[in-house]
Amino acid sequence: MNFDKLPKLTFWRAVLMVILAAGFYSTLLRFTKGLGAATHLSDRFPWGLWIGFDVICGVGLAAGGFTLAATVYVFHLRRFHPILRPSILTAFLGYGLVAVALLIDLGKPYNIWHPLVMWNPHSVMFEVAWCVMLYLTVLALEFSPAVFERFQMQKPLKLLKAVTIPLVIVGVLLSTLHQSSLGSLFLIVPSKLHPYWYSPLLPLFFFISAVATGMAIVIFESNLSARAFGREIEMPLLSALAKAMAVVLGVYGILRLQDLWRRGALVHLREPSTETLLFALEIVLGLLLPLLLLLSRRVREDRQGLFAIAVLVITGFLLNRLNVSITGLEYSAHAHYFPKWTEVAVTLSMVGTMFLCFALAVRYLNVFEAEPSGEMGGVKA
Amino acid sequence: MSKSILVDTTRCIGCQRCVVACKVVNGLLKASPSNFLTTDTLTSLGPDTDLPMDESGDEELSANALNVVQTRGSVYVRRFCMHCQDPTCVSVCPVGAFKKTAAGPVVYAEERCMGCRYCMMACPFGVPRYEWAKVWAPRVKKCHMCAPRQAKGLKPACTEVCPVQAGIFGEREDLLREAENRLRQEPTKYVQYIYGEREVGGTSVLYLSAVPFEALGLPANLPHDALPMYTYRVLSEIPTEVVLGGALLSGIWWITKRREEVAKAEKEEGKAHS
């Protein structure tokens, strides 16, 4: 037997296999014993990790795709082209996993198509459903040239090239709507969501923080791929992106703090509560610290420094989304929610699958384009 | 014109008859010997008859209990769906599984539901429950104000069997007037407030109480606007946003492209001159 053909069992591969096995078991449990057995969800806490992390954070983390697509195609900042395709791929995988997570979390997943024919335009969830479907399609089309190139299919490539700009614009619009509508989901619970997080500006906050996080994701991922696939890192590009991120983050910070001040929510800071701790963590780790670090040119242009900033921004984003969708609702629900291990296993295996798909795509498709063959911005330009 | 229920918590004696009637009507009674019970037989039972309850004491609303009587201090308070005038659940459901009927009840169509549970998350009263234990086709469960009985000209079972008229059924306008009368006639007995008259735009279930409503477990921090407006204000802007956003992005694309072309042309011109 030839053992050379088998992939090497590295530490991370072993970890991934354990996670995927646990995730598979948990999914099986959910579909054979029901949501009650497979989760810690309850009547008081109907939304948990799968919605709070997989869907609400997942969509946000996919924001790099539309941010960069707009940068490259709409603003014609061509030099960002080399990091566009990996961002689109990340966004596509992110959204794909959101759809899979929904199939696991929905009580009746076989009815997932109902929003197509049963309309309720008054429902934010209806808008979210449509945005996920449409944007997933747009992302698939935006990434498809990588697949067509692999199989030398010239016709579809030409066709896609012709519709690139409208496609990108539709994608940016859908993302804008979708990112903000995830915030709008919580506009309807003014009496339930803690004042640190409830604000009439939630849709705006969700959108702006998604843009900042989208940039952080691109930085984070460029670093990881450079390490994993032994590539050169595009430091000047990433530093430029970091500058833009600082501006967006600054705008977000000012709006957020002003809103908290105006609504008088800052008085709660005097209460030593879990909410106060989490709020402080979110603001300090995800906003103030990265902004401070971004001010320094030395940190911004240093590979390690920039990576640390990206990690902080992403952490702050995750804290914010989990606070809005889970912890900020605990005080009014008079209930404590902590995910069951099976919920964690499913979520982790989704993240694992995403890494796996990314690695496979890099191996078999041209994700990191050798040269951006310029011309009029085709998807494969 | 729509039907409502007025619950006077000062009258309730905690006999749980309404709870059993609700279970009978909805086929939720587990104890088998009691299956012969109907709302009629319940009405004819004496006030001290032992009732075949599944669990004693303070039951929480659940998929098997759509109406419960809870003890709050020395007061019994019945909890069930408030049947809002402009219901949050109707507004949030992506597939329109909830409907506010003209007759008053807020009803649920299980065949439309996809189980996203946004209704449970969003309900300001925390009413909708889920069949968590069910693997196949779990449903959202909540009181439907006996809409099928109402269609046959009958009262909701809970009001039918109440031996002390703690819960009465009627037109919302009439019940509001009745509530006002009671407040006026016994001003020292009641908190001078009709809970549900204005909460979240008004509900079809109204409460009277001798103790603050918050002490009964009814949320006291609710706005008087209907909650669906909170999201619809934003949603209704979407068409405008799409058109403006599309125009803006196309404009930026055109300008930056033009600028690029001009720069390119100038560069070539420069080359030609030198």
Side-chain angles (χ1 to χ4, degrees), chain A residues 31-37 39 41-44 46-47 51 70 73-78 102 105-112 114-115 118-129 165 168-170 172-173 176-177 180-181 184-185 187-192 200 203 329 332-333 376-377, chain B residues 60-63 88 90-97 110-124 126 128-140 200 219 221-223 227-228 230-236 238 241-242 245-246 249-250 252-253 255-257 259-260:
Chain A
F31 284 108
T32 51
K33 302 273 184 231
L35 282 168
T39 67
L41 296 174
S42 64
D43 284 330
R44 282 167 183 249
W47 282 4
I51 294 291
Y73 291 124
V74 179
F75 290 90
H76 282 96
L77 297 171
R78 289 278 173 69
L102 276 175
D105 184 82
L106 287 180
K108 300 204 241 173
Y110 43 88
N111 281 353
I112 198 170
H114 276 188
M118 300 173 187
W119 287 29
N120 180 12
H122 284 256
S123 165
V124 181
M125 190 62 89
F126 172 75
E127 191 214 328
V128 169
I165 297 302
V168 166
I169 290 180
V170 168
V172 173
L173 287 174
T176 308
L177 289 179
S180 58
S181 63
S184 311
L185 275 180
L187 281 180
I188 206 149
V189 288
S191 59
K192 287 179 158 185
L329 291 162
S332 65
M376 236 358 281
Chain B
E60 284 266 337
L61 284 177
S62 75
T88 306
V90 171
S91 137
V92 299
C93 180
V95 291
E110 59 176 86
E111 68 283 358
R112 293 180 85 98
C113 177
M114 57 181 199
C116 72
R117 312 185 296 280
Y118 191 20
C119 50
M120 306 176 67
M121 220 288 289
C123 174
R129 303 286 133 152
Y130 208 58
E131 295 181 309
W132 295 104
K134 239 172 145 181
V135 179
W136 184 253
R139 291 169 294 181
V140 173
V200 292
N221 62 343
L222 297 180
L227 296 181
Y230 282 58
T231 42
Y232 196 64
R233 265 199 292 265
V234 177
L235 282 173
S236 55
I238 287 178
E241 279 166 13
V242 168
L249 288 171
S250 312
I252 294 173
W253 169 76
I255 291 171
T256 51
K257 183 183 124 194
R259 196 187 283 163
E260 206 178 50

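Convention: sequence-line order gives letters A, B, ...; per-chain numbering from 1.
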NZ of A:Lys33: more than 12 outside heavy atoms within 6.0 angstrom?
no
Using heavy-atom distances under 4.5 Å, tell me whether [X] contacts chain A through its side chain, its backbone, both, or neither.
{"X": "B:Pro219", "value": "neither"}
{"X": "B:Tyr130", "value": "both"}
{"X": "B:Ser236", "value": "neither"}
{"X": "B:Leu235", "value": "side chain"}
{"X": "B:Glu111", "value": "backbone"}
{"X": "B:Ala133", "value": "backbone"}
{"X": "B:Val140", "value": "neither"}
{"X": "B:Val242", "value": "both"}
{"X": "B:Ile255", "value": "neither"}

Any A:Glu127 side-chain heavy atom under 4.5 Å of B:Val234 side chain
no
Structural part of [X] lying under 4.5 Å from a heavy atom of chain B:
{"X": "A:Pro200", "value": "neither"}
{"X": "A:Thr32", "value": "backbone"}
{"X": "A:Pro190", "value": "side chain"}
{"X": "A:Tyr110", "value": "side chain"}
{"X": "A:Val189", "value": "side chain"}

Between chain A and each of [options], count heavy-atom pairs under 4.5 Å; write down the option with the most.
{"options": "B:Gly126, B:Gly246, B:Gly96, B:Pro124", "value": "B:Gly246"}
{"options": "B:Trp136, B:Tyr232, B:Tyr118", "value": "B:Tyr118"}
{"options": "B:Ala137, B:Pro94, B:Gly115", "value": "B:Pro94"}

To the nearest 0.5 Å, what is the distance between [atom1] ([X]) and [atom2] ([Y])?
{"X": "B:Ile238", "Y": "A:Leu173", "atom1": "CD1", "atom2": "CG", "value": "11.5 Å"}
{"X": "B:Met120", "Y": "A:Leu41", "atom1": "CE", "atom2": "CG", "value": "9.0 Å"}
{"X": "B:Ser62", "Y": "A:Asp43", "atom1": "OG", "atom2": "CG", "value": "7.0 Å"}
{"X": "A:His76", "Y": "B:Arg259", "atom1": "NE2", "atom2": "CZ", "value": "11.0 Å"}
{"X": "B:Met114", "Y": "A:Met125", "atom1": "CE", "atom2": "CE", "value": "6.5 Å"}
{"X": "B:Met121", "Y": "A:Leu185", "atom1": "CE", "atom2": "CG", "value": "7.0 Å"}

Closest non-hydrogen contact found for B:Val90 with A:Asn120 is O-ND2, 3.1 Å
Do you know which two heavy atoms are closest between A:Ile188 and B:Ala122, and how far apart they sit?
CG2-CB, 3.6 Å
For A:His122 and B:Ser91, indicate whether the former's side chain and the latter's backbone hold a donor-acceptor pair under 3.5 Å.
no
Look only at the side chain of A:Lys192 and the backbone of B:Cys123, and say whether a donor-acceptor pair between them is shorter than 3.5 Å.
yes
Under a 4.5 Å heavy-atom cutoff, which of A:Ser123, A:Gly36, A:Ala129 has the most pairs with chain B?
A:Ser123
Partner of B:Cys116 by side chain to side chain contact (heavy atoms under 4.5 Å, CB included), out of A:Leu106, A:Asn111, A:Val128
A:Leu106
